[in-house]
Amino acid sequence: MAIKALRGMKDILPPLSYKYLAFIQKASAIAQNYTFEYIEPPLLEETQLFKRSVGESSDIVGKEMYQFIDKGGNDVCLRPEGTAGVVRSFIEHKLDRQGGVHRFYYYGSMFRYERPQKGRFRQFHQFGVESFGEASVYEDAAIILLAKEILDSFDIKYTLAINSIGCPACLPTYKKELVSFLTKHKDICEDCKRRKDTNPIRVLDCKNATCQEIYNEAPKLLEHLCESCQRDFTKLQEILKAENVEFVIDERLVRGLDYYTKTAFEFISSELGAQNAIAGGGRYDNLVEFLGGRPTPAVGFAIGVERILDLIEITQHREGFYLGSMLDEAIDKVFHLALQKRKSAKLYVEYKAKSLKAHLKAADKHDAKYACIIGEDELQNGTIWIKDLEAKKEWHASIQEFLEF
Ligand code: HAM
């Protein structure tokens with residue numbers, strides 16, 4: 001039986017791969033304008049890294065890790081997300097000791113053993129950014145604006161939801177109140193009962209309708225913020241409003257990863273069905289220290305590339321040249337010319353002699369803008385026949401003109 005790709009893993013073939021590349025190129029260019037630099041951590045890391053950062057209580061670590069023991073007996077894991085690896089690298093290369101601001105962007109495969117469905121895969125791609133060393137809430141705003149600029153550049157429609165999930169100064173008090181509320185409500189789902197003991201604020205984004213009804217009465221996170229969290233959250237809203245950014249405050253937005261503090265945000269699309277988050281991120285001021293580095297404030301986000309590709313249209317234009325001949329004896333010349341022309345342009349070369357009609361059909365199939373053919377006359381005169389397949393114009397050119405054209 002033919003071997004197929006694993007469940008939840010997809011090939012990215014043309015024309016989808018064109019969209020993928022176009023997205024990565026545009027997103028990278030925008031991130032670079034915001035002074036983010038490219039980083040590429042490994043796909044495989046020690047399992048401990050994710051357990052300690054993403055958190056044992058998260059679904060990602062609890063249920064979805066591609067974890068195994070390698071031949072050296074090491075407990076390793078394919079990265080389920082990008083932040084943990086970037087933080088590990090940041091600390092390992094002692095950038096935390098340099099001080100100052102360090103900004104990185106990355107893209108590539110992430111792996112989560114989830115139940116595959118529309119927009120949810122076991123291998124998927126993220127484009128992410130992580131900024132270290134800047135505690136100012138202007139950085140949170142800049143990061144949100146950067147994500148927005150990327151999405152806007154592809155005309156993607158979304159809702160931006162923001163929240164503040166507090167910090168070690170205020171979150172513990174809130175958690176206590178929430179736990180005492182949850183203890184009084186025996187009819188919450190089994191998952192929430194478990195979350196009550198591991199990471200109680202995660203109950204707030206439970207998908208169960210009964211739970212959601214119950215949590216209408218739960219203590220409100222935003223009413224428990226300390227002065228610093230409150231000040232930053234208010235300032236963030238002011239900055240976004242001043243930049244004419246529309247947003248909603250979603251006080252149940254707590255994110256599925258345990259490392260967040262203060263700002264949390266998501267971009268949601270109404271065009272995607274159940275898996276509607278196209279990007280998510282927030283601040284994680286304690287993670288660098290928690291993983292053994294010097295205390296360093298940090299903030300970032302990741303965009304789910306597959307979900308974006310579902311939303312964007314890129315019209316493919318005719319591009320480049322198609323080069324062929326009607327004579328077997330001209331193929332050497334055609335091959336040599338192709339190599340020269342390829343130094344400056346995209347060119348498809350046909351190695352078989354064919355009729356003009358067959359060449360034009362093939363040039364059309366390959367989406368070439370120009371069909372360039374050498375027939376008997378052209379071979380004798382040292383010229384080439386060129387047809388612009390878009391403008392429907394044709395002419396003869398010398399070989400030199402063709403190479404310079
Ligand atoms: P996340 O919310 O887990 O955050 O993932 C970010 C985005 O990746 C989601 O909004 C979604 O578009 C996409 N995504 C997640 N899981 C899947 C899946 N199974 N299939 C397809 N797409 C998926 C993080 O990963 C954080 N590291 C983001 C971050 C960076 N926070 C701070 N810095």
Side-chain angles (χ1 to χ4, degrees), residues 6-10 12 20 23 27 31 36 39 41 45 49-50 53-55 58-66 78-88 90 103-132 134 139-140 143-144 146-147 150-151 156 158-163 165 202 205 253-269 271-288 296-311:
L6 294 173
R7 194 163 126 78
M9 305 208 170
K10 242 179 39 165
I12 304 185
Y20 176 77
F23 176 76
F36 284 81
I39 186 170
E45 300 268 7
L49 174 66
F50 302 111
S53 53
V54 177
S58 67
D59 286 350
I60 296 178
V61 171
K63 310 182 195 161
E64 299 166 1
M65 301 252 272
Y66 272 90
L78 281 170
R79 63 180 184 189
E81 58 102 52
T83 311
V86 176
V87 172
R88 196 258 321 122
F90 177 76
R103 298 191 176 100
F104 299 106
Y105 75 91
Y106 53 89
Y107 54 86
S109 293
M110 308 292 157
F111 302 84
R112 297 184 190 175
Y113 198 84
E114 298 194 76
R115 194 170 47 79
Q117 63 179 83
K118 186 177 179 315
R120 187 161 76 189
F121 306 98
R122 289 182 173 169
Q123 176 174 0
F124 61 98
H125 296 77
Q126 284 185 346
F127 179 93
V129 309
E130 314 293 350
S131 163
F132 297 96
E134 184 55 86
E139 189 71 358
D140 307 43
I143 288 263
I144 292 175
L146 162 55
I150 293 173
L151 301 179
I156 292 168
Y158 52 76
T159 301
L160 165 63
I162 62 168
N163 194 19
I165 53 178
R202 281 300 317 282
D205 71 352
L253 174 66
V254 288
R255 309 277 299 131
L257 307 92
D258 289 357
Y259 46 63
Y260 293 108
T261 49
K262 294 193 165 184
T263 306
F265 62 91
E266 275 183 2
F267 286 83
I268 310 289
S269 163
E271 293 166 39
L272 284 176
Q275 299 306 314
N276 59 3
I278 41 183
R283 197 162 259 291
Y284 50 97
D285 284 347
N286 303 319
L287 186 58
V288 175
T296 309
V299 52
F301 70 76
I303 297 178
V305 180
E306 278 72 7
R307 294 183 191 172
I308 296 293
L309 299 188
D310 261 1
L311 295 172

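Position 1 is the first residue of the sequence, and the numbers go up from there. The basis for the numbers below is simple: all heavy atoms, side chains too, and nothing from hydrogens, waters or symmetry mates. In this text, all values refer to a predicted model and were calculated from it rather than measured experimentally. Order of appearance sets the numbers: ligands from 1, and atoms from 1 within every ligand.
- G119 O, 3.3 Å is the protein heavy atom nearest to atom 21 (C) of ligand 1.
- Residue contacts with ligand 1: Y106 is placed with no nitrogen or oxygen under 3.5 Å of a nitrogen or oxygen of the ligand (distance criterion only).
- The nearest pair of heavy atoms linking Y106 to A302 is OH-CB, 4.3 Å.
- Which parts of ligand 1 touch I278 is read off a 4.0 Å heavy-atom cut-off, strictly below it: atoms 10 (O), 12 (O).
- Distances from ligand 1 to the non-hydrogen atoms of A279 include at least one value under 4.0 Å.
- Annotation: E306 places no N or O atom under 3.5 Å from an N or O atom of ligand 1; distance criterion only.
- In terms of protein heavy atoms, atom 26 (C) of ligand 1 is closest to Y259 OH, 3.3 Å.
- Comparing heavy-atom distances from atom 19 (N) of ligand 1 across R112, E114, R115, Q117 singles out E114 as nearest.
- In this structure, R112 contributes its side chain and K63 its backbone to no donor-acceptor pair below 3.5 Å.
- Looking from atom 33 (N) of ligand 1 to the surrounding protein, the closest heavy atom is E130 OE1, 2.7 Å.
- Of all the heavy atoms in A264 and R255, the pair that sits closest is CB-CG, 3.8 Å.
- K262 and D140 are not joined by a salt bridge, as no carboxylate oxygen comes within less than 4.0 angstrom of a charged side-chain nitrogen.
- Ring geometry, F132 versus F90: the interplanar angle falls under 30°, so the pair is classed parallel (tilted spans 30 to 60°).
- On a distance-only criterion, E81 and ligand 1 share at least one N/O pair closer than 3.5 Å.
- Scanning the protein heavy atoms around atom 31 (N) of ligand 1, the nearest turns out to be Y260 OH, 2.6 Å.
- Side chains of S269 and E271: no donor on one and acceptor on the other come within 3.5 Å.
- A donor-acceptor distance shorter than 3.5 angstrom exists from the side chain of E81 to the backbone of T83, with no hydrogens or angles considered.
- Remark: minimum distance from atom 18 (C) of ligand 1 to any protein heavy atom is reached at F124 CD2, 3.4 Å.
- Annotation: atom 13 (C) of ligand 1 to nearest protein heavy atom, G304 CA, 3.5 Å.
- Contact between G8 and P116 at its shortest, heavy atoms only, is CA-CG, 3.8 Å.
- Residue Q126 has at least one nitrogen or oxygen atom sitting less than 3.5 Å from a nitrogen or oxygen atom of ligand 1, judged on distance alone.
- Note: F267 and F265 have perpendicular aromatic rings, judged against thresholds of 30 and 60 degrees for the angle between ring planes.
- In the model, Q123 has no side-chain atom that pairs as donor or acceptor with a side-chain atom of Y66 under 3.5 Å.
- Considering backbone and side-chain N/O of F121, one or more are found under 3.5 Å from N/O of ligand 1.
- Scanning the protein for heavy atoms near atom 1 (P) of ligand 1, the closest one is R255 NH2, 3.6 Å.
- Backbone and side-chain nitrogen or oxygen atoms of A277 are examined, and one is located within less than 3.5 angstrom of a nitrogen or oxygen of ligand 1.
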